[in-house]
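Accompanying notes for the structure given below.
Model, not experiment: these values are computed from the prediction.
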Amino acid sequence: MKTYTRVVNGSQVTINAVETHEDIQDFVAFGKANLGWLACDTETTGLDIYSDNFRLRTVQFGNEREAWVLPVERLGRLPAIAALLNVNKLVFQNASYDLQVLEQCLGVKGLWSKVVDTKILAHLIDPRGKTEGGTGHSLEDLTRHYIDADIADGVKGLMKALAADTKTPVAQVFATVDYSNPDYQLYAGMDTILAARLARKLMPLVPAESKPLIRSEHKLAEVCAVMERTGFLLDVDYTTKLSGRLSEIQDKSESEAAGFGCENVNSTEQVADVLEARGHKIPERTPCGKRKVDKVLLTRLVEQGDEFAKSVVTAKQARKWRTTWVDGFLTQMDGAGRCHPAINPLRARTARMSITGIPAQTLPAGDWMIRRCFLADQGQVMVSVDYQAQELRVLAALSGDQTMQKAFRNNDDLHQITADASGVDRKIGKMVNFAYVYGSGPRNIAEQAGIGVDTAKKVIQGFEKSYPQVKRLSQELQKQARRDGFINTPFGRRLPVDQERPYAALNYMVQSSSRDITAGGLMRLHDAGITPYLRLPIHDEVLASVPADKAEKAAKKIGELMCTRFKGVFIGTDPEVGGRSWGSLYGSDY
DNA sequence: CAGGTTAGCACC
DNA sequence: AAACGGTGCTAACCTG
């Protein structure tokens with residue numbers, strides 16, 4: 001056994017790295033003395049959890065003073081499994097990852113009921129990232145802020161130094177470094193001590209009104225973790241062919257652009273040079289003062305019949321689609337042809353979820369081509385259930401606005417009501433309904449809608465006159481934000497609002513409450529045993545793969561479980577049954 | 001050369 | 001009086 005001592009925030013800690021079978025007895029004694037709770041962490045060969053050569057290397061346990069590192073790949077998995085099963089509460093930093101690892105590599109299931117996740121606690125205390133003036137939510141950031149800045153730097157430095165010493169990229173070090181390396185053992189053990197200390201420190205800092213969220217966020221994390229693990233079946237044949245087709249389009253268009261003297265269509269500077277040489281004016285500038293060449297400008301030029309602009313637009317889109325989506329799907333799919341999204345159930349300041357891997361929230365909505373890559377399982381079809389006008393209904397509920405609530409009750413056309421208030425087209429009324437929730441000002445609305453600033457002001461005034469309680473809510477929230485620096489949502493969330501942008505408070509309120517309504521729906525689906533069929537949550541929508549012969553019934557059931565009443569306002573759902581591919585819900589015939 | 005920033009483009 | 005909220009990804013560009 002190797003033993004290390006360090007000082008963390010003024011007190012000494014010990015890290016024990018098990019090296020022989022005899023050492024295990026000492027670990028067992030430690031476990032028996034700490035049955036109440038322990039922090040746990042794993043070291044693996046990398047983060048590519050679903051790749052074939054992914055391996056679990058060590059499992060670590062620790063309390064606030066002492067950590068133990070178990071080399072499961074060397075000495076077997078039994079001591080680690082026994083400890084996982086025996087300890088009452090397990091503290092993790094980002095449990096989702098480690099629990100997937102433990103289930104996949106050790107076959108241990110059912111741990112979620114024991115989990116305390118420090119990342120969840122940290123987000124409930126301050127949901128802001130580091131760049132937004134918050135603490136951030138990584139172990140390193142939390143350690144720096146709440147425990148010991150030197151240790152945070154030191155731990156980070158350990159693996160970096162190791163990478164430099166062995167001349168391997170940091171990501172690869174985890175797979176190649178020898179278990180007996182002292183820096184590695186120290187690094188592995190220290191994380192559990194830090195997580196244990198964080199748990200102690202953070203628990204009392206969760207605002208009283210947010211306490212109920214501790215439970216529900218752990219539950220939601222479990223639901224999302226199951227969706228990640230299940231993954232989404234990829235149509236490999238279609239996806240491969242699509243990649244090839246996009247490559248051809250890209251090559252052709254790039255060589256056309258080269259013919260006009262532009263070697264790299266992704267270089268804004270080069271494209272700007274050629275455009276100016278062709279006699280086009282580039283009126284707009286980016287925040288840094290560079291010539292702004294974006295889609296708006298380029299499509300205008302395409303409409304004017306400029307062949308170069310056409311090549312650039314086509315090449316850029318083909319490349320973007322191929323690299324960002326299609327090729328990504330193919331490289332990250334697992335051995336069974338499934339892609340596993342990474343779902344962060346608690347991401348934004350507003351707690352909005354985010355999805356990476358399959359960036360499901362940002363796939364083109366106007367075209368089925370990309371979504372066509374994904375399939376319902378064998379014998380199943382795709383089902384999508386979304387909330388009807390979720391954010392506007394939430395706004396109606398939060399504000400208590402009678403006109404808005406009545407419009408929803410009677411199925412009146414809310415966008416037309418806004419439009420009529422100032423005598424503009426429905427399209428503009430719709431835009432302003434959304435823009436108001438986003439906190440847009442007159443200038444922005446004018447630009448977006450292609451109307452004058454004066455007209456935009458009139459439409460906003462019309463909105464505020466139509467829904468007076470919405471305006472009142474916004475003002476009330478801004479007052480609170482200025483006074484307290486944060487607002488509270490009906491779900492118990494505390495949302496910091498920057499002093500220089502109090503107008504954002506309304507959006508935070510609406511966005512966060514909407515997220516919590518979707519989250520509630522997901523948890524009800526979980527309780528009903530539907531989680532295995534779920535594929536993705538996408539803002540106000542849940543995507544599922546269900547048996548084809550019971551699809552209509554299943555979709556209806558999901559819709560019923562998801563819909564809810566919020567402050568007296570019914571938030572209904574719209575179930576839709578598709579075919580085999582996700583694209584079928586967007587117009588593809590398969 | 002790694003890592004961060006900017007610009008642009010998707011979505012709700 | 002005016003105020004565009006949030007996310008991810010890539011390529012190019014910049015910096016230590």
Worksheet entry | B:dA7 phosphate, OP1 or OP2, under 4.0 Å from A:T286 side-chain N/O | yes
Item to complete: For A:V293, answer base if it contacts any base atom (sugar-phosphate contacts may also be present), sugar-phosphate if it contacts only those atoms, and nothing otherwise; contact means non-hydrogen atoms under 4.0 Å.
Response: sugar-phosphate
Item to complete: Have a look at A:P442 and say if it touches a base, only the backbone sugar-phosphate, or nothing, with a 4.0 Å heavy-atom cut-off.
Response: sugar-phosphate
Item to complete: Measure from CD on A:E132 to P on C:dG5 and round the result to the nearest Å.
Response: 12 Å
Worksheet item: In residues 504-512 of chain A, which residues come under 4.0 Å of DNA chain C by heavy atom?
Response: A:A504, A:N507, A:Y508, A:Q511
Worksheet entry | A:E256 bridged to A:K310 by N-O distance under 4.0 Å | no
Worksheet item: Got a salt bridge between A:E254 and A:R319, using NZ or NE/NH1/NH2 to carboxylate O under 4.0 Å?
Response: yes
Worksheet item: Closest to the A:T324 side chain: C:dA2, C:dG6, C:dT10?
Response: C:dT10
Worksheet item: According to a strict under-4.0 Å criterion, is A:R443 in side-chain N/O contact with OP1 or OP2 of C:dA1?
Response: no
Worksheet item: Which part of the nucleic acid does A:Q478 contact within heavy-atom distance under 4.0 Å: base, sugar-phosphate only, or nothing?
Response: base
Worksheet entry | A:D126 backbone acceptor or donor facing A:H137 side chain under 3.5 Å | yes
Fill in: N or O in side chain of A:S267 less than 4.0 angstrom from C:dA12 OP1/OP2
no
Practice prompt. Count the heavy atoms belonging to other residues, nucleotides or ligands that lie under 6.0 Å from NZ of A:K316, then report whether that count exceeds 12.
Written response: yes
Worksheet item: Between B:dC11, C:dC9, B:dG8, which nucleotide has the shortest distance from any of its atoms to the side chain of A:T362?
Response: B:dC11
Discussion item. Categorize A:G366 for me: base, sugar-phosphate, or nothing, with a 4.0 angstrom heavy-atom threshold over every strand shown.
Written reply: sugar-phosphate
Worksheet item: For A:R347 and C:dT7, is the shortest distance between a side-chain N/O and OP1 or OP2 below 4.0 Å?
Response: yes
Item to complete: Look at the side-chain N and O atoms of A:K160 and state whether any lies under 4.0 Å from the OP1 or OP2 oxygen of B:dA2.
Response: no
Response to the item:
Side-chain contact check for A:K292: nearest option of C:dG5, B:dG8, C:dG8 is B:dG8
Discussion item. Does a side-chain N or O of A:R352 approach OP1 or OP2 of B:dC12 to a distance below 4.0 Å, or not?
Written reply: no
Practice prompt. Indicate, with a heavy-atom threshold strictly under 4.0 Å, whether A:E541 touches base, sugar-phosphate, or nothing.
Written response: nothing
Worksheet entry | Within 6.0 Å of CZ in A:R278, more than 12 heavy atoms from elsewhere | yes
Item to complete: Answer yes or no as to whether C:dG5 has its base stacked against A:Y438, where stacking requires a ring-centre separation under 5.5 angstrom and planes under 30 degrees apart.
Response: yes
Worksheet item: Any side-chain N or O of A:Y503 less than 4.0 Å from the OP1 or OP2 oxygen of C:dG5?
Response: yes
Worksheet item: CZ of A:R128 versus P of C:dG6: gap in Å, rounded?
Response: 12 Å
Response to the item:
Quick note, A:N264 side chain, CB onward, closest among B:dA10, C:dC13, C:dA12 is C:dA12
Fill in: Euclidean distance, atom CG of residue A:L363 to atom P of C:dT7 [Å, nearest integer]
18 Å
Worksheet item: Ignoring hydrogens and angles, does a donor from either the side chain of A:K320 or the base of B:dC9 sit under 3.5 Å from an acceptor on the other?
Response: yes
Response to the item:
The residue among A:V326, A:D251, A:T323 that forms side chain to side chain contact (heavy atoms under 4.5 Å, CB included) with A:L246 is A:V326
Worksheet item: Looking only at side-chain N and O atoms, does A:R285 come under 4.0 Å of OP1 or OP2 in B:dA7?
Response: no
Discussion item. Over all strands shown, is A:A435 touching base, sugar-phosphate only, or nothing at heavy-atom distances under 4.0 angstrom?
Written reply: nothing
Item to complete: Could you tell me the separation between the CG atom of A:D367 and the C1' atom of B:dC9, rounded to a whole number of Å?
Response: 15 Å
Atom pairs and distances, side-chain donor-acceptor, residues 458-469 of chain A, under 3.5 Å, sequence neighbours left out:
| residue | atom | partner | partner atom | Å |
| --- | --- | --- | --- | --- |
| A:E464 | OE2 | A:Y436 | OH | 2.8 |
| A:S466 | OG | A:G462 | O | 2.8 |
| A:Y467 | OH | A:L414 | O | 3.3 |
| A:Y467 | OH | A:T418 | OG1 | 2.8 |
| A:Q469 | OE1 | A:Q402 | N | 3.1 |
| A:Q469 | NE2 | A:G400 | O | 3.1 |

Discussion item. What is the separation between atom CH2 on A:W325 and atom P on C:dT10, rounded to the nearest whole Å?
Written reply: 9 Å
Discussion item. With a 4.0 Å cutoff (strictly under), does any side-chain N or O of A:K290 reach OP1 or OP2 of C:dC13?
Written reply: no
Worksheet item: Would you say C:dA11 has OP1 or OP2 under 4.0 Å from some side-chain N or O of A:R319?
Response: yes
Worksheet entry | Rounded distance (Å) that lies between atom P of C:dG6 and atom CG of A:D516 | 17 Å
Worksheet item: Does the distance from a Lys or Arg side-chain N to an Asp or Glu carboxylate O, for A:E140 and A:R144, drop under 4.0 Å?
Response: yes
Worksheet item: In whole angstrom, what separates A:K316's NZ from B:dG8's P?
Response: 8 Å
Discussion item. Against A:F329, only a single residue in A:F374, A:Y238, A:F232 fulfils ring pair (Phe, Tyr, Trp, His ring centres under 6.0 Å); can you say which?
Written reply: A:F374
Worksheet item: Rounded to the Å, how far apart are A:L495 CG and C:dG6 C1'?
Response: 12 Å
